[in-house]
Amino acid sequence: MAALLVGGARRSCRGLFQTLQIGIRTMSAAVASYDFETLHVSQPRDSVLHVELNRPKKRNAMNHTLWREMVECFNKITHDTDHRVVVVSGAGKMFTAGIDLIDMAGHLLQPTGDDTARKAWHLRNNILQYQESFNVIEKCPKPVIAAVHNACIGGGIDLITACDIRLCSRDAWFQVKEVDIGMAADVGTLQRLPRIIGSASLMSELVYTARQLMADEALSCGLVSRVFEDKEAMLEGAFEMASEIASKSPLAVQGTKLNLIYSRDHPVKDGLNYIATWNMSMLQTDDLIKSAQAAMEKKSPKDVSYSKL
């Protein structure tokens, strides 16, 4: 009997210790300097940040606070030297239901001003502010991976098209919903999506009809680059991809992103001139020597210690 009691006590202690370990790992994964109401930011891997849209009870609908906090969050990430790659996902049952119409109605439908011109002036400024909520993702030099499960509607399309890489789960679907609520999309979809899917006909079909684009079609048209069986597998895949990117020279990775975006918006000749000017200084980095030495020694970039940027 005494042996049974001792054995039970030991098992209970081991269970308590394991529980404490899990709790400690969970707490350490949270990033204290990123404290937001509508976003949850954690560190799932070394040098990787996970930004979750965190209004699950509202299907991650985008309210005024979320639009503002996206700017604050990614401006902070831009200057964060401890993290090199970002994964964006949605908490709960879906990625996002899009704009929170109830919360945003006052900002969009009742602009301040004494006459039509003044109301238009203030409304335009409001729209420009909302555009900045996702422009900051594109302007952030760190690669951003969107991980979409279930629904990605309206403003969700604006968000993911500003990201560098898009992944989704098998149950994901995408919808440019704005025409169904009587407006043209104005926060990035009409400007970025045509450059991503590469089909003017499909683009027009999606934005004029507001039909759903399912995961397999999203893969075939290039909106996403991979489809995973479920959310858990997708997040694991996203974190692994982020870790792979984070293991490489941050100077090389971030310089590559900036040049990709510049070349997208400029003629080939201008893009070549820009990268020549860029590399006349960036090729003088120690990262190049470290990477070359690792390659000659048949080592992985993960074995190289690159300085923070």
Side-chain angles (χ1 to χ4, degrees), residues 36-39 51-55 58-75 77-78 86 88-90 94-112 119-140 144-148 151-166 168 172-197 202-213 218 223-224 261 264-265:
F36 300 105
E37 180 182 334
T38 65
L39 303 172
V51 178
E52 285 183 285
L53 308 183
N54 193 33
R55 301 186 74 214
K58 297 290 185 179
R59 302 184 301 168
N60 294 323
M62 299 176 175
N63 63 357
H64 186 66
T65 302
L66 189 146
W67 291 94
R68 173 177 53 79
E69 289 187 338
M70 286 292 291
V71 176
E72 296 173 5
C73 181
F74 275 89
N75 279 338
I77 291 171
T78 292
V86 184
V88 177
S89 73
M94 66 172 59
F95 183 73
T96 178
I99 191 171
D100 187 330
L101 287 173
I102 296 176
D103 178 84
M104 299 290 288
H107 298 276
L108 297 176
L109 302 180
Q110 299 175 336
T112 58
K119 289 178 181 178
W121 182 273
H122 291 295
L123 183 55
R124 181 178 186 274
N125 285 336
N126 286 341
I127 294 170
L128 291 174
Q129 288 178 14
Y130 297 139
Q131 289 176 354
E132 190 62 18
S133 296
F134 303 142
N135 287 344
V136 289
I137 297 175
E138 188 172 88
K139 290 190 293 186
C140 177
V144 182
I145 302 170
V148 179
C152 177
I153 303 171
I157 306 295
D158 296 308
L159 190 163
I160 67 170
T161 53
C163 297
D164 302 282
I165 299 169
R166 288 160 297 279
C168 76
W173 53 276
F174 307 82
Q175 187 176 26
V176 184
K177 186 69 172 174
E178 281 80 355
V179 293
D180 278 353
I181 59 173
M183 63 175 288
D186 59 3
V187 194
T189 290
L190 301 183
Q191 293 70 38
R192 295 188 176 103
L193 188 57
R195 300 171 183 268
I196 293 170
I197 64 176
L202 178 59
M203 177 68 197
S204 296
E205 177 189 344
L206 294 174
V207 299
Y208 296 157
T209 67
R211 76 165 175 86
Q212 296 179 7
L213 182 77
L223 178 58
V224 301
I261 293 173
R264 180 198 66 188
D265 298 333

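The figures here come from the full heavy-atom set of this structure, side chains too, leaving out hydrogens, waters and symmetry mates.
The number of heavy atoms from other shown groups lying within 6.0 Å of CZ (R124) does not exceed 12.
Minimum interatomic distance between V224 and F174 (heavy atoms only, all atoms of both residues): CG1-CZ, 3.9 Å. Minimum interatomic distance between R264 and R195 (heavy atoms only, all atoms of both residues): O-NH1, 3.3 Å. Closest non-hydrogen pair, L190 versus A185, comes out as CD1-O, 3.3 Å. Looking at every heavy atom in both residues, V88 comes nearest to V144 through CG2-CG1, 3.7 Å. The two atoms that bring V179 and V207 nearest to each other are CG1-O, 3.1 Å, heavy atoms only. Looking at every heavy atom in both residues, Q131 comes nearest to D186 through NE2-O, 2.9 Å.
A salt bridge between R55 and D100 is present, with a side-chain N of the basic residue lying under 4.0 Å from a carboxylate O of the acidic one.
Between the side chain of R192 and the backbone N or O of A162 there is no donor-acceptor pair closer than 3.5 Å. Remark: side-chain polar atoms of E69 are paired, donor with acceptor, to backbone N or O of E37 under 3.5 angstrom.
Within the model, atoms OG of S89 and CZ of F95 stand 7.5 Å from one another, a figure rounded to the nearest 0.5 Å. Rounded to the nearest 0.5 Å, atoms CE (M94) and OG1 (T96) are 8.0 Å apart. Note that CD of E132 is 7.5 Å distant from CG of N75, once rounded to the nearest 0.5 Å. Taken to the nearest 0.5 Å, the CG atom of N60 stands 5.0 Å off from the CG atom of L53. The CG atom of L223 lies 7.5 Å from the CD1 atom of I197; values are rounded to the nearest 0.5 Å. The structure places CD of Q212 at 7.5 Å from CD1 of I153, a figure rounded to the nearest 0.5 Å.
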Practice problem: Tell me, with the steps shown, if C163 and I145 meet side-chain contact (heavy atoms from CB on, under 4.5 Å). | Solution: CA-CA 6 Å; C163 297; I145 302 170; over 6 Å; no

Quiz item: Do R166 and I196 pass the side-chain contact (heavy atoms from CB on, under 4.5 Å) test, and can you show the C-alpha distance, the side-chain angles, and the key distance before you say yes or no?
Solution: CA-CA 11 Å; R166 288 160 297 279; I196 293 170; 3.4 Å; yes

Quiz prompt | Working for side-chain contact (heavy atoms from CB on, under 4.5 Å), residues L159 and M70 | solution = CA-CA 10 Å; L159 190 163; M70 286 292 291; 4.1 Å; yes

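When the side chain to side chain donor-acceptor pair (under 3.5 Å) test is applied to Q175, no partner is found at least two apart in sequence or on another chain.
The side chain to side chain contact (heavy atoms under 4.5 Å, CB included) with D158 is formed by just one residue from the set I99, V187, L193, I137; it is V187.
Side-chain rings of F134 and W67 approach one another, their centers coming within less than 6.0 Å.
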